[in-house]
Amino acid sequence: MSIDPRVALQSLTAALEEHLSTVAARRGDGDPAVEAAYFTVADAFEVYDDSLYEAYGEVTPLQVIEDDSDDDEDEDVDDEELEILLD
């Protein structure tokens, strides 16, 4: 069952508006409501992009960027461990 791109776009727009409201009312750097709103936007965008492709064979020029900061920290640890083994 495919979703109508117009319905998906309305959901994305609502998610973006909620994200803006949540960011404007942020209660500190680690506010979980902001993080939840972020993921809601990302999910709504993916649904919209998929529905656009299914209906019209087109996609947006946008993409959701995955947070790779944890991966970078793991790579640093592996490099340090390798240096110790080589010494």
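Source: prediction; values computed, not measured. All values below were derived from every heavy atom in this structure, side-chain atoms included, with hydrogens, water molecules and symmetry-related copies excluded.
Within 6.0 Å of CD1 on I65 lie no more than 12 heavy atoms contributed by other residues, nucleotides or ligands.
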Tell me which donor-acceptor pairs under 3.5 Å the side chains of residues 24-37 have, and how far apart each pair is, sequence neighbours excluded?
residue, atom, partner, partner atom, Å
R27, NH2, D31, OD1, 3.3
D31, OD1, A33, N, 2.9
D31, OD2, R27, N, 2.9

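The shortest heavy-atom contact between F45 and V64 is CD2-CG2, 3.6 Å. Here the shortest heavy-atom pairing between Y48 and A8 reads CA-CB, 3.6 Å.
For the atom pair CG (D49) and CD (E54), the distance works out to 11.0 Å, reported to the nearest 0.5 Å. Rounding to the nearest 0.5 angstrom, the gap separating the CZ atom in F39 from the NE2 atom in H19 is 10.0 Å. With values rounded to the nearest 0.5 angstrom, T60 atom OG1 is found 10.5 Å from E46 atom CD. One finds the OH atom of Y38 at 14.5 Å from the OG1 atom of T22 (value rounded to the nearest 0.5 Å).
Residues Y53 and L62 fall into different hydrophobic clusters, defined by Ile, Leu, Val, Met, Phe, Trp and Tyr side chains chained together at heavy-atom separations under 4.5 Å. By the criterion of side-chain heavy atoms lying less than 4.5 angstrom apart, applied directly or through intervening Ile, Leu, Val, Met, Phe, Trp or Tyr residues, L52 is grouped together with L12 in one hydrophobic cluster.
Every residue two or more places apart in sequence or in another chain that forms a side chain to side chain contact (heavy atoms under 4.5 Å, CB included) with A15 is listed here: T40, V41, A44.
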